[in-house]
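From a predicted model like this one, the values you see are computed outputs, not experimental measurements.
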Amino acid sequence: MRVYLARHSNAVPEDRFLPDDYRYLSAEGRHKARGVAGVLHGEGIAVDAILSSPLTRAIQTAEILASGIGFDGAIEADVGLCPGASPHVLTETIAGRTGAILVVGHMPSICHLGGLLIGKPGFPPFKPGHVFAFDGTTPLFKVDPDRLEVEALLVA
């Protein structure tokens with residue numbers, strides 16, 4: 001099974017009028033998400049399912065990525081991807097899937113999920129908009145939202 005883990009793209013800051021759960025993508029975040037989607041499309045990436053945190057910034061990132069790679073299915077919101085949720089539950093959800101899946105979440109839980117996929121206690125941090133690709137438990141590559149390049153990923 002192919003798994004693509006993504007951290008939501010850049011969001012507007014939290015303030016007293018906009019609690020964290022309602023933060024949405026900034027103009028920069030939307031721009032970077034479209035760039036990452038273009039790179040994934042250029043690599044021929046296709047997915048059978050997209051799971052996302054239900055928080056606004058994650059859903060918006062998932063929608064932009066879905067559009068960019070030509071995914072026209074429903075994006076499935078999963079509270080197991082909310083900030084602070086245990087990634088252990090989500091590994092079971094992912095393990096029950098076949099084909100390719102894109103998962104959009106938040107730090108640090110998306111990073112912990114990457115570690116669980118490769119059987120390690122941790123995983124390199126995700127910047128906003130980062131996408132890491134795995135073939136089963138083998139990390140393959142990442143797409144950096146700033147450089148918009150595919151980079152081979154070697155995790156020791």
Side-chain angles (χ1 to χ4, degrees), residues 3-43 45-94 96-97 100-118 120-134 139 141-151 153:
V3 178
Y4 302 93
L5 296 183
R7 180 179 177 192
H8 66 80
S9 198
N10 301 80
V12 298
E14 178 179 10
D15 65 28
R16 65 187 181 124
F17 299 109
L18 186 67
D20 185 55
D21 286 359
Y22 300 101
R23 291 172 49 221
Y24 50 89
L25 293 184
S26 64
E28 175 189 23
R30 288 189 306 276
H31 176 74
K32 286 185 177 185
R34 284 190 298 271
V36 168
V39 171
L40 294 174
H41 176 74
E43 291 293 312
I45 302 303
V47 297
D48 301 298
I50 297 179
L51 293 178
S52 176
S53 157
L55 274 60
T56 303
R57 60 193 179 271
I59 290 289
Q60 289 177 324
T61 300
E63 290 172 339
I64 291 169
L65 294 175
S67 176
I69 63 172
F71 177 80
D72 60 2
I75 294 170
E76 302 170 49
D78 191 317
V79 295
L81 286 162
C82 284
S86 171
H88 293 280
V89 174
L90 199 58
T91 57
E92 295 172 16
T93 301
I94 292 171
R97 303 279 182 145
I101 184 170
L102 170 64
V103 180
V104 182
H106 309 267
M107 278 295 288
S109 56
I110 198 76
C111 190
H112 294 290
L113 182 56
L116 289 171
L117 285 176
I118 63 171
K120 303 272 184 186
F123 195 79
F126 285 54
K127 292 193 286 193
H130 246 145
V131 175
F132 287 82
F134 301 82
F141 64 85
K142 69 179 178 179
V143 178
D144 184 292
D146 296 321
R147 292 192 306 276
L148 295 178
E149 299 173 345
V150 173
E151 301 174 27
L153 187 60

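Side-chain contact check for V103 versus Y4: every heavy-atom pair is 4.5 Å or farther apart. You'll find the side chain of I75 reaches within 4.5 Å of the side chain of E63, heavy atoms only. The side-chain heavy atoms of L113 and I94, taken from C-beta on, include a pair separated by under 4.5 Å. In this structure, D21 and L55 have side chains that are in contact, with non-hydrogen atoms separated by less than 4.5 Å. C82 has its side chain out of reach of H106: every pair of non-hydrogen atoms, C-beta onward, lies at least 4.5 Å apart. Contact of the R23 side chain with the D20 side chain is registered, since non-hydrogen atoms from C-beta on lie closer than 4.5 Å. Counting only heavy atoms from C-beta outward, the side chains of F141 and F134 never approach each other to under 4.5 Å. By the 4.5 Å heavy-atom criterion applied to side chains, L117 and L5 are counted as neighbours.
Within the 3.5 Å criterion, the main-chain N or O of P54 finds no donor-acceptor partner in the side chain of S52. Distance alone, capped at 3.5 Å, is enough to place a donor-acceptor pair between the S9 side chain and the G29 backbone.
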For this session: Determine, step by step, whether N10 and K32 satisfy the side chain to side chain contact (heavy atoms under 4.5 Å, CB included) criterion, reporting the C-alpha distance in whole Å, the side-chain angles of both residues, the deciding distance to 0.1 Å, and the verdict.
Result: CA-CA 8 Å; N10 301 80; K32 286 185 177 185; 3.5 Å; yes
(message) Run the side chain to side chain contact (heavy atoms under 4.5 Å, CB included) test on K127 and D146 for me, step by step, so that the C-alpha distance in whole Å, both residues' side-chain angles and the decisive distance to 0.1 Å come before the verdict.
(response) CA-CA 9 Å; K127 292 193 286 193; D146 296 321; 2.9 Å; yes
Determine, stepwise, if the pair L40 / V143 fulfils side chain to side chain contact (heavy atoms under 4.5 Å, CB included). CA-CA 8 Å; L40 294 174; V143 178; 3.9 Å; yes
Practice item. Show your working on side chain to side chain contact (heavy atoms under 4.5 Å, CB included) between R57 and Y24 and close with a plain yes or no. Key: CA-CA 4 Å; R57 60 193 179 271; Y24 50 89; 5.7 Å; no
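In terms of the side-chain contact (heavy atoms from CB on, under 4.5 Å) criterion, residue partners of R30 (sequence neighbours excluded) are, by chain and number, L25, A27, R34, I64.
Taking the six-membered ring for Trp and thresholds of 30 and 60 degrees, F126 and H130 have ring planes more than 60 degrees apart, a perpendicular arrangement.
Counting all heavy atoms, side chain and backbone alike, A37 lies closest to G68 at CB-CA, 3.8 Å. Considering every non-hydrogen atom in both R7 and T61, the closest pair reads O-CG2, 4.3 Å. The two residues C111 and P124 come nearest to each other via the heavy atoms SG-O, 3.4 Å. Here the closest non-hydrogen pair linking I50 and A66 is CD1-CB, 3.5 Å. Of all non-hydrogen atoms in G105 and S53, the two that sit nearest each other are CA-CB, 4.5 Å. Across every non-hydrogen atom of L18 and D15, the tightest pair is N-OD1, 2.8 Å.
For the side chain to side chain donor-acceptor pair (under 3.5 Å) condition, the pairs that include at least one residue of residues 66-79, sequence neighbours left out, are E76-R97.
The structure places CD1 of I110 at 10.0 Å from NE2 of H8, a figure rounded to the nearest 0.5 Å.
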